[in-house]
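Just so you know, these numbers use all the heavy atoms, side chains as well, and skip hydrogens, waters and symmetry mates.
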Amino acid sequence: MDTKSYRDQPNQTLAKGLLILEAFTPEHPEWGIRELARELRLNPTTVYRLVSTLHNVGYLEQDPSTRRYSLGPRVMKLAGLYAHHNPLPAVARKVFESYADRFEYNFYLGTLTTRFEGVYLAVLDGRGPIKIVVEPGGSTGLHSTALGKILLAHQDDEYVEEFLRNRQLESYTPRTITSPTELRRQIRLIRQEGVAINDGEHLDDVGAIAVPVYNASGKVTAGVSLAYPRH
């Protein structure tokens, strides 16, 4: 969820609280109140009230010396429940590890969330030269990565068109697809071939290949990708 989409939610207060939780990332594990308010473009008083509530119930914790906040232990309960009810990430990681000696590059498993975002469920960094900071729970672009494109291609045309209406095709490199017409063309090709390719479209020096993951009823519920240096 981004700072624009929370306004579309039935309960904006709850949406703002979730937006605050999602602001904590490996790159930014701690926030001060005013800093967080500026980042999310929210009123500092509102952020203070929400952060205080999240802190009181254990979803955030505060460093007494710096007064800065980080994720609290109660988040682990939700993560543990998800892992218990969805064993796919653990299974995928075992599969990735079984191929680690054959492919020294990075493996990813991901699925779609609401609001047109992809999320990583499992990650295995290879022994090769690629070092990308990606953690389970992180988001992936649907138009700029192989994993995102394989997930997008296996949605119906109505979903694709709604995605194009609601999401700007942000440019990350000169190769990023920024044309809706080109993205539609690639989606048709992916549906025909069953494989999605990223040729330096999200990170200039990194390519990737992705394929879908089907459930027992034949529906695509996730995707897996292998990233490699473009050279």
Side-chain angles (χ1 to χ4, degrees), residues 1-93 108-125 131-142 144-145 147-148 151 159 162-163 166-168 170 172 202 221-223:
M1 183 168 59
D2 56 34
T3 53
K4 294 181 180 179
S5 61
Y6 86 84
R7 296 185 178 89
D8 301 328
Q9 302 306 316
N11 188 316
Q12 289 193 12
T13 300
L14 177 58
K16 290 174 184 176
L18 295 173
L19 195 66
I20 287 172
L21 290 176
E22 291 181 357
F24 293 88
T25 66
E27 297 79 22
H28 212 135
E30 294 184 338
W31 290 97
I33 294 294
R34 291 191 176 278
E35 180 187 19
L36 183 58
R38 286 194 300 270
E39 176 70 17
L40 300 180
R41 300 178 184 176
L42 297 175
N43 183 283
T45 303
T46 300
V47 171
Y48 174 76
R49 289 200 306 266
L50 292 170
V51 166
S52 296
T53 301
L54 291 167
H55 175 245
N56 291 340
V57 296
Y59 286 101
L60 294 178
E61 56 187 13
Q62 186 183 42
D63 186 320
S65 61
T66 65
R67 310 297 293 174
R68 294 169 66 81
Y69 291 87
S70 59
L71 290 177
R74 199 164 181 89
V75 173
M76 292 297 296
K77 178 182 179 180
L78 298 180
L81 283 172
Y82 181 82
H84 177 73
H85 290 291
N86 182 10
L88 182 59
V91 173
R93 187 168 178 86
Y108 305 101
L109 168 77
T111 191
L112 283 177
T113 66
T114 56
R115 302 305 304 177
F116 313 111
E117 291 180 341
V119 61
Y120 292 104
L121 298 177
V123 176
L124 180 66
D125 293 331
K131 298 301 176 187
I132 306 171
V133 180
V134 174
E135 298 287 343
S139 61
T140 179
L142 295 187
S144 60
T145 66
L147 181 58
L151 294 171
Y159 183 99
E162 190 175 358
F163 166 74
N166 287 274
R167 283 290 186 269
Q168 181 180 357
E170 185 177 353
Y172 298 99
H202 195 78
T221 58

**Student:** Tell me the salt bridge (Lys or Arg N to Asp or Glu O under 4.0 Å) pairs involving residues 44-65, sequence neighbours left out?
**Tutor:**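 Those involving residues 44-65 do not exist here.
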
**Student:** Decide side chain to side chain contact (heavy atoms under 4.5 Å, CB included) for K16 and T46; before the verdict, give the C-alpha distance in whole Å, the side-chain angles of both, and the deciding distance to 0.1 Å.
**Tutor:** CA-CA 9 Å; K16 290 174 184 176; T46 300; 4.2 Å; yes

**Student:** For W31 and V47: C-alpha separation, side-chain torsions, deciding distance, then whether side chain to side chain contact (heavy atoms under 4.5 Å, CB included) applies.
**Tutor:** CA-CA 11 Å; W31 290 97; V47 171; over 6 Å; no

**Student:** Strictly distance-based, threshold 3.5 Å: is any side-chain N or O of H55 a donor or acceptor partner for the main-chain N or O of V57?
**Tutor:**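 No, the answer is negative, given that no donor and acceptor are paired below the 3.5 Å cut-off.
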
**Student:** Using a 3.5 Å distance criterion without hydrogens, assess whether the side chain of E30 forms a donor-acceptor pair with backbone atoms of S70.
**Tutor:**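 Checked: no pair found.
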
**Student:** Quick one: salt bridge (charged side-chain N to carboxylate O under 4.0 Å, His left out) partners of E35, sequence neighbours excluded?
**Tutor:**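 Salt bridge (charged side-chain N to carboxylate O under 4.0 Å, His left out) list for E35, sorted by chain: R68.
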
**Student:** Distance from T45 atom OG1 to I33 atom CD1, nearest 0.5 Å?
**Tutor:**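 Atom-to-atom, T45:OG1 and I33:CD1 are 10.0 Å apart.
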
**Student:** Atom CG in L151, atom OG1 in T145: separation rounded to 0.5 Å?
**Tutor:**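 Separation between the atoms: 7.5 Å.
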
**Student:** Kindly indicate, with the supporting measurements, whether the criterion side chain to side chain contact (heavy atoms under 4.5 Å, CB included) is fulfilled by T140 and V119.
**Tutor:** CA-CA 6 Å; T140 179; V119 61; over 6 Å; no

**Student:** Where do Y172 and S144 come nearest, in terms of heavy atoms and distance?
**Tutor:**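 The pair with the smallest heavy-atom distance is CE1-OG, 3.5 Å.
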
**Student:** Heavy atoms only: give me the nearest L88-A222 pair and the separation to one decimal.
**Tutor:**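 Here L88 and A222 meet closest at CD2-CB, 4.1 Å.
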
**Student:** Could you pull out the closest heavy-atom pair between N43 and A37, with the gap in Å?
**Tutor:**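 That closest heavy-atom pairing would be C-CB, 4.4 Å.
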
**Student:** In terms of relative ring orientation, are F116 and Y159 parallel, tilted or perpendicular, with 30° and 60° separating the classes?
**Tutor:**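 Because their plane-to-plane angle is over 60°, the rings of F116 and Y159 count as perpendicular.
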
**Student:** Might you work through the side chain to side chain contact (heavy atoms under 4.5 Å, CB included) test for T53 and Y59, ending with a clear yes or no?
**Tutor:** CA-CA 9 Å; T53 301; Y59 286 101; over 6 Å; no

**Student:** Supply the atom-to-atom distance F163 CZ to E117 CD, rounded to the nearest 0.5 angstrom.
**Tutor:**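 Here the interatomic distance stands at 10.0 Å.
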
**Student:** Is L50 close to T13 at the side-chain level, that is, under 4.5 Å between some pair of heavy atoms?
**Tutor:**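 Contact flag for T13/L50 side chains = yes.
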
**Student:** Looking at every heavy atom in both A92 and L109, which two are closest together, and how far apart are they?
**Tutor:**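 Between these two residues, the closest heavy atoms are CB-CD2, 3.6 Å.
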
**Student:** Just to verify, what does Y120 make a ring-ring contact (aromatic ring centres under 6.0 Å, His included) with, not counting sequence neighbours?
**Tutor:**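 By the ring-ring contact (aromatic ring centres under 6.0 Å, His included) rule, Y120 matches Y108.
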
